[in-house]
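Some notes on the structure that comes next.
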Number of protein chains: 2
Amino acid sequence: MKPQILIVEDDPQIRRFLRATLEAEGYRFHEALTAAEGIAQAAARHPDLVLLDLGLPDGSGMDVIREIRGWSQMPIVVVSARGQERDKIEALDRGADDYVAKPFSVGELLARMRAAMRRALPQAGVSAGENFRFGEIEVDLQGRVVRIAGNDVHLTPNEYRLLQVLIQHAGKVVTQRQLLNEVWGPQHTEQAQYLRVYVAQLRRKLERDPARPKHLQTEPGVGYRLIVD
Amino acid sequence: MKPQILIVEDDPQIRRFLRATLEAEGYRFHEALTAAEGIAQAAARHPDLVLLDLGLPDGSGMDVIREIRGWSQMPIVVVSARGQERDKIEALDRGADDYVAKPFSVGELLARMRAAMRRALPQAGVSAGENFRFGEIEVDLQGRVVRIAGNDVHLTPNEYRLLQVLIQHAGKVVTQRQLLNEVWGPQHTEQAQYLRVYVAQLRRKLERDPARPKHLQTEPGVGYRLIVD
DNA sequence: CCCTTTCTTAACGCGGCTTTCACACGCGTT
DNA sequence: AACGCGTGTGAAAGCCGCGTTAAGAAAGGG
């Protein structure tokens, strides 16, 4: 199940931008335009993370933090145009998990969101967790379990690490050297044969038709790429 | 008891600055000048938070994050001169809790440290509860008593300690290093043999069929996991 | 001080994982 | 056509991690 984000933001332009960003990442999300609605939706939907703008019209975003913290430890990442130190300190001390000032980089925002959600997982034993899905394949990154159409698939340590690295760069090409370095260490960046063997093994275990891979594709002369729909 | 901070930083000037800052806040702290020493001290002292500089002389600070995350969830706040986006993303994805780029404001750094430590607190909440149950096994965390189907089972100190750590992370994988660090201390994180012996003993005492464990499962190449129904 | 319990260390078998090799295939070049 | 190159595949061999047992050392209690 993909993480569900609640966006609390009144500026239509920023909202559109966040919407596009989260959509591209595959997150599910809902939007609230006011502080009151933000609190209500946070209570109703139990999102995996709240993206909160501090400059809301009907009251300070600080109230949203205080209100939510009264009954939940859900991750709250503040996104604000105001970069003043005292705003940051107040928001963080009231219980926000992170504070990203505009203008911010998309990659950093997403990384900070991932970090906040990762931390929240252990204590909330109920929540499904940060699973990664592509096609009928589901990877439970916390539990280290891979399921294909619901059935558990056993991966060896190296196979799993290889898949992990590919997931980290999902959609993008990962060079052979990079894969070898991450999985086998810097001493083995020349052993491209390892990759051929293990990519084949992964395909046999994950792909419906290993000879015509749908997800784990070869980039000849460069590396491999994990296709996510 | 005041929080204890571990500073991992080679630059004497920044170290002096951090020292003065933390002292003024009333934090206790220790210092490590290299990555290796930082890892060792993190294991030995169990600080409440690690302040980590990424630009260390004897290897990347990234290794420190990866190493510590192998056996502990302690808060790690990166303090770095490098403010590049990819550094931030990499550090956060490897398990850092926050990333503060120099030049930073003192107040913000302290607020982010407080936020990171506040989040870490609830983790200790498991042992405070009442009895822990899984299957026909019941663990009285107060009385340090284990019963299986009503009958008392005697566990040695190390056996109980090992079970305790697994219960604290029930359902999740606990790495070998983490278990070794929690039960035998930071000096013995390489003695995986201890684990094999004691896991076998625990299984013989707790599992109905020790050869096919239902609760105390092995995660090959990683660690062990306590399955709770 | 002796006896019991617990911890540490070593040895060994087993199974599975990793590594390595051999070879087939597609493709572009000679 | 033949060759080189990068890639995919199957299988064999060796290694390594894990589980198990046992014996000696250390610790603790009478």
Side-chain angles (χ1 to χ4, degrees), chain A residues 144 146 152-166 173-177 179-185 187-225, chain B residues 70 144 146 152-166 173-226:
Chain A
R144 222 191 114 88
V146 179
D152 278 25
V153 176
H154 174 71
L155 295 191
T156 73
N158 277 358
E159 287 166 2
Y160 185 79
R161 254 183 305 180
L162 178 58
L163 178 61
Q164 217 177 3
V165 178
L166 286 166
V173 188
V174 192
T175 65
Q176 301 194 0
R177 298 184 72 87
L179 287 168
L180 287 163
N181 182 55
E182 298 275 348
V183 178
W184 281 270
Q187 332 299 336
H188 303 85
T189 51
E190 313 296 326
Q191 314 279 339
Q193 175 63 10
Y194 289 177
L195 275 182
R196 298 192 194 103
V197 173
Y198 275 85
V199 165
Q201 284 174 357
L202 267 186
R203 280 179 182 148
R204 196 170 334 129
K205 291 185 178 180
L206 301 181
E207 295 278 2
R208 195 172 278 274
D209 180 2
R212 253 172 297 280
K214 226 178 88 181
H215 300 110
L216 220 171
Q217 292 195 348
T218 306
E219 216 60 45
V222 186
Y224 295 87
R225 173 208 303 264
Chain B
R144 205 183 167 284
V146 178
D152 278 26
V153 176
H154 174 70
L155 295 191
T156 73
N158 277 358
E159 286 166 3
Y160 185 78
R161 194 86 201 287
L162 178 59
L163 178 60
Q164 213 178 6
V165 178
L166 286 167
V173 187
V174 191
T175 65
Q176 301 194 1
R177 298 182 73 87
Q178 184 169 356
L179 288 167
L180 287 163
N181 183 56
E182 301 276 347
V183 178
W184 282 271
Q187 332 300 337
H188 303 84
T189 51
E190 313 295 327
Q191 313 280 341
Q193 176 64 8
Y194 289 176
L195 276 181
R196 297 190 196 107
V197 173
Y198 276 84
V199 165
Q201 286 173 357
L202 266 185
R203 279 179 182 149
R204 200 172 325 132
K205 292 184 178 181
L206 300 181
E207 294 278 1
R208 195 172 278 275
D209 180 2
R212 253 175 297 280
K214 227 179 85 181
H215 299 110
L216 219 172
Q217 293 196 347
T218 305
E219 218 56 48
V222 185
Y224 296 88
R225 171 208 306 261
L226 189 71

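Here the structure is a predicted model, which means the values were calculated and not measured. We use all heavy atoms of the structure for the numbers below, so side chains are in, but hydrogens, waters and symmetry mates are not. So that the names make sense, note that chain A is the first sequence line, chain B the second, and so on, each numbered from 1.
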Protein-nucleotide distance ([X], atom [atom1]; [N], atom [atom2]), rounded to Å:
| X | N | atom1 | atom2 | answer |
| --- | --- | --- | --- | --- |
| A:Leu202 | D:dT7 | CG | C1' | 16 Å |
| B:Glu190 | C:dT8 | CD | P | 16 Å |
| A:Leu216 | D:dT7 | CG | C1' | 14 Å |
| B:Gln176 | D:dG19 | CD | P | 9 Å |
| B:Leu162 | C:dC7 | CG | P | 11 Å |
| A:Leu179 | D:dG6 | CG | P | 17 Å |
| A:Leu180 | D:dG6 | CG | P | 15 Å |
| A:Glu207 | D:dG8 | CD | P | 12 Å |

ask   = Is it the case that B:Gln193 and B:Arg196 place a side-chain donor and acceptor less than 3.5 Å from each other?
value = yes
message = Nearest 0.5 Å, please: how far is CG in A:Leu179 from NE2 in A:His188?
response = 15.0 Å
remark   = The answer to which of B:Gly221 and B:Arg204 contacts DNA chain D further toward the 5' end, by nearest nucleotide, is B:Gly221
ask   = If you look at every strand shown and take non-hydrogen atoms under 4.0 Å, does A:Tyr224 touch a base, only sugar-phosphate, or nothing?
value = sugar-phosphate
message = Is the phosphate of D:dC18 approached by B:Arg196 (side-chain N or O, under 4.0 Å from OP1 or OP2)?
response = yes
inquiry  = Does D:dG8 have OP1 or OP2 under 4.0 Å away from a side-chain N or O of A:Arg203?
reply    = yes
key: Within 6.0 angstrom of B:Arg208 CZ, more than 12 heavy atoms from elsewhere   = no
ask   = Does atom NZ of B:Lys214 have more than 12 heavy-atom neighbours, drawn from other residues, nucleotides or ligands, at distances under 6.0 Å?
value = no
query = Are B:Arg161 and B:Asn158 close enough, and set up right, to give a side chain to side chain donor-acceptor pair (under 3.5 Å), and what steps lead you there?
reply = CA-CA 5 Å; B:Arg161 194 86 201 287; B:Asn158 277 358; over 6 Å; no
ask   = Do A:Leu206 and A:His215 touch side chain to side chain, with heavy atoms closer than 4.5 Å?
value = no
inquiry  = Ring-plane angle category for A:Tyr198 and A:Trp184, please: parallel below 30°, perpendicular beyond 60°, tilted otherwise.
reply    = perpendicular
query = When you check every protein heavy atom under 4.0 Å of nucleotides 13-26 of chain C, what one-letter string (B, S, -) results, 5' to 3'?
reply = ----SBBBBB----
